[in-house]
Amino acid sequence: MSNDISIVGAGLAGCSIAWQLHFRGVGFNLLEDKPDVAGSLVAAGMLAPVTGKAFNPSWRIEEFYDSAREFYAKVEQILGKKLWYEYPVVRLFFDAKDRAKFEKKREENSALNDWVEKVVDNVPNTISTEGAVVWKGSGRLDVKTFVEASRSFFLNQPSVETSQKIYTTGARGLIDQNPLPLPHRSAKGEILTVRIPDLRQDQIISRGTWLVPTGKNDQTFLCRSLTGLPYSVIDHVAGVRPIIRRSEPVLGKIGDGFFLNGLGSKGTLYAPRATEYLLDMILAGKAAPEYLQYP
Ligand SMILES: Cc1cc2nc3c(=O)[nH]c(=O)nc-3n(C[C@H](O)[C@H](O)[C@H](O)COP(=O)(O)OP(=O)(O)OC[C@H]3O[C@@H](n4cnc5c(N)ncnc54)[C@H](O)[C@@H]3O)c2cc1C
């Protein structure tokens, strides 16, 4: 039986699988019938090792982080396009209590210190009053360019006879409940692109919400408002994040094939390693970690 595979859905998950199959020398068809629908086309693509109000490192970050960075660097090199922008995340403290919470958490959880670049008392041109912690190892994947360039790269490869399917159908597959009749709580997200002439464009600012430089070097940011500086709105888009179990990827066998979904709001971090686990399962018969399997 041939190992060749049809990938149904060409967003971040489907394109990541396409690359992993390409690296392994396995033939595949990348199928997409509504190319404009992918949530990946509007995603901000931020990868922040520590998120949320509780100062917790992302779920299993130590397992997924290196694979993600290596994977995007490799694809970037092959495509000859810039995809990854390394920016520190400047996480503004809400108030003195929030800052004290961070200091306490840092004492209790030494792993948190691996991601701390520094703590600062003042962040010019933001709504900061109590300073900020600056996280390192963070940045932004230009997900739209990754998806569009990957689709074009694989567009002209010859179609192959396949015996297996992988469904990477994102929120659309979950909402349609076909072929993935899985419970989900996918969530709409909106993004503004704004121009802020006087704001530094070499860092991500975060405080519950965030401001991410687009990387175009033209003072444009993807955002929700965290600065009092004057700005103009350039664009406004919306999409749906596929959520099954928080932002934790879920994979397994379903119907006539396999699936990977549930990348939630952390697809940039989780897609590369999750796709490797799935392919190890399909091609080498290795069991995927239980915490990724459904149910
Ligand atoms: C507004 C917003 C902001 C976000 N910000 C971030 C962020 O900062 N950091 C981060 O890591 N993540 C972020 N995300 C989440 C991230 O983008 C998603 O986790 C990821 O894009 C999901 O990729 P996917 O391939 O699973 O789904 P999608 O990108 O939706 O792709 C699924 C594709 O499958 C296709 N499809 C479905 N059914 C079929 C079928 N039957 N036949 C053929 N094709 C089919 C669809 O048309 C679609 O193109 C954000 C998402 C949104 C919406």
Side-chain angles (χ1 to χ4, degrees), residues 6-19 29-49 51-52 58-59 61 64-65 68-69 72 83-85 87 89 138-148 150-151 165-180 182 184 186-193 204 206 209-214 221-224 235-251 254-257 259-275 278:
S6 285
I7 307 164
V8 183
L12 175 60
C15 292
S16 298
I17 291 193
W19 282 107
N29 303 315
L30 181 57
L31 310 175
E32 172 61 65
D33 62 353
K34 293 184 181 169
D36 298 337
V37 164
S40 304
L41 297 177
V42 301
M46 189 166 82
L47 194 168
T51 53
S58 290
W59 180 74
I61 176 111
F64 288 87
Y65 180 81
R69 294 296 306 274
Y72 298 125
L83 302 173
W84 174 255
Y85 295 84
Y87 300 126
V89 170
S138 45
R140 167 176 190 253
L141 177 75
D142 183 342
V143 188
K144 185 170 192 278
T145 300
F146 170 80
V147 167
E148 290 179 341
S150 301
R151 286 175 179 175
K165 279 189 180 148
I166 300 179
Y167 293 96
T168 46
T169 49
R172 185 182 144 206
L174 293 171
I175 291 163
D176 288 352
Q177 291 280 288
N178 179 23
L180 297 179
L182 303 179
H184 71 102
S186 300
K188 182 184 166 204
E190 297 185 49
I191 295 195
L192 286 180
T193 304
I204 294 170
S206 148
T209 176
W210 38 256
L211 252 169
V212 188
T214 59
F221 300 81
L222 306 172
C223 96
R224 287 150 84 186
D235 194 16
H236 180 193
V237 290
V240 185
R241 295 177 289 250
I243 301 174
I244 298 173
R245 280 193 302 232
R246 288 174 285 185
S247 283
E248 298 167 9
V250 174
L251 55 83
I254 199 150
D256 61 348
F259 75 96
L260 168 64
N261 210 312
L263 291 175
S265 37
K266 296 195 177 172
T268 302
L269 172 62
Y270 294 123
R273 186 77 186 98
T275 52
L278 181 64

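Whatever order the structure lists them in is the order used to number ligands and atoms, beginning at 1. Quick caveat, the model's predicted, so the values are computed rather than measured. Note: hydrogens, waters and symmetry copies are ignored here, and every other heavy atom, side chains too, is used.
A heavy-atom separation below 4.0 Å is not found between V143 and ligand 1. Not close to ligand 1: N261, with no non-hydrogen atom less than 4.0 angstrom away.
For the residue pair W19/S150, the side-chain donor-acceptor check at 3.5 Å is satisfied. Judged purely by distance below 3.5 Å, without hydrogens or angles, the side chains of Y167 and D256 pair a donor atom with an acceptor atom. Checking T275 against S16 by side-chain atom types alone, no donor-acceptor pair falls below 3.5 Å.
Regarding atom 18 (C) of ligand 1, its nearest protein heavy-atom neighbour is G264 O, 3.4 Å. The closest protein non-hydrogen atom to atom 9 (N) of ligand 1 is M46 O, 2.9 Å. Residue, atom and distance of the protein heavy atom nearest to atom 34 (O) of ligand 1 are G9 CA, 3.2 Å. Closest to atom 25 (O) of ligand 1, if we only count protein heavy atoms, is A13 N, 2.9 Å. Remark: minimum distance from atom 20 (C) of ligand 1 to any protein heavy atom is reached at S40 OG, 3.7 Å. For atom 27 (O) of ligand 1, the nearest protein heavy atom (residue, atom name, distance) is G170 CA, 3.4 Å. Among protein heavy atoms, the minimum distance from atom 52 (C) of ligand 1 is reached at R241 CG, 3.6 Å. Scanning the protein heavy atoms around atom 42 (N) of ligand 1, the nearest turns out to be V8 CG1, 3.4 Å.
At a heavy-atom distance under 4.0 Å, atoms from both the backbone and the side chain of A38 approach ligand 1.
A heavy-atom distance below 4.5 Å is found between the side chains of L269 and I61. Counting heavy atoms from C-beta on, the side chains of M46 and I204 come closer than 4.5 Å. Annotation: side chain of H236 is not in contact with side chain of T193 (no heavy-atom distance under 4.5 Å).
Atoms of ligand 1 lying under 4.0 Å from any heavy atom of V240, numbered from 1 in the order shown and given with element: 53 (C). Of all atoms in ligand 1, listed by their number and element, those nearer than 4.0 Å to a heavy atom of V37 are 47 (O). When each atom of ligand 1 is checked for a heavy atom of I191 under 4.0 Å away, the hits are 1 (C), 3 (C). Atoms of ligand 1 found under 4.0 Å from any heavy atom of T168, numbered from 1 in the order shown, are 32 (C), 33 (C), 34 (O). Atoms of ligand 1 lying under 4.0 Å from any heavy atom of G239, numbered from 1 in the order shown and given with element: 53 (C). Residue G189 has at least one heavy-atom neighbour below 4.0 Å for each of these atoms of ligand 1: 1 (C). Those atoms of ligand 1 that come under 4.0 Å of a heavy atom in G267, given as number and element, are 10 (C), 11 (O), 12 (N), 19 (O). Heavy-atom proximity to K34, at under 4.0 Å, picks out these atoms of ligand 1: 47 (O).
When atom types are taken as modelled, the side chain of Q177 and the backbone of L174 share a donor-acceptor pair closer than 3.5 angstrom. For Y270 (side chain) and W59 (main-chain N/O), a donor-acceptor pair under 3.5 Å exists by modelled atom type. The backbone N or O of V143 sits nowhere less than 3.5 Å from a side-chain atom of S40 that would complete a donor-acceptor pair.
Residue R273 holds its CZ atom at 11.5 Å from CG of L278, rounded to the nearest 0.5 Å. For the atom pair R140 CZ and L47 CG, the distance stands at 12.5 Å (nearest 0.5 Å). Atom CG of N261 sits about 6.0 Å away from atom CG of L180, to the nearest 0.5 Å. The line from CG of L30 to CD1 of I17 is 10.0 Å long, rounded to the nearest 0.5 Å.
Residue pairs meeting the side chain to side chain donor-acceptor pair (under 3.5 Å) criterion with at least one member in residues 6-15, sequence neighbours excluded: S6-N29, S6-T162.
Nearest residue to atom 22 (C) of ligand 1 from A48, G11, P242 is P242 (criterion: closest heavy atom). Nearest residue to atom 38 (N) of ligand 1 from L141, T169, V42 is T169 (criterion: closest heavy atom). With distances taken over non-hydrogen atoms, the option nearest atom 33 (C) of ligand 1 out of R172, E32, K188 is E32. The heavy atom nearest to atom 12 (N) of ligand 1, considering only G45, A43, S265, is found in S265.
Taking a cutoff of 4.0 Å between a charged side-chain nitrogen and a carboxylate oxygen, E32 and K34 do not qualify as a salt bridge.
Taking distance alone, with nitrogen or oxygen atoms compared against 3.5 Å, P35 stays at or beyond that limit from ligand 1. Considering backbone and side-chain N/O of G39, one or more are found under 3.5 Å from N/O of ligand 1. Checked against a 3.5 angstrom limit, the closest N/O atoms of W210 and ligand 1 fall outside it. Not a single N or O atom of A171, backbone or side chain, sits closer than 3.5 Å to an N or O atom of ligand 1.
Remark: K266 pairs with no residue by the salt bridge (charged side-chain N to carboxylate O under 4.0 Å, His left out) rule, at least two apart or across chains.
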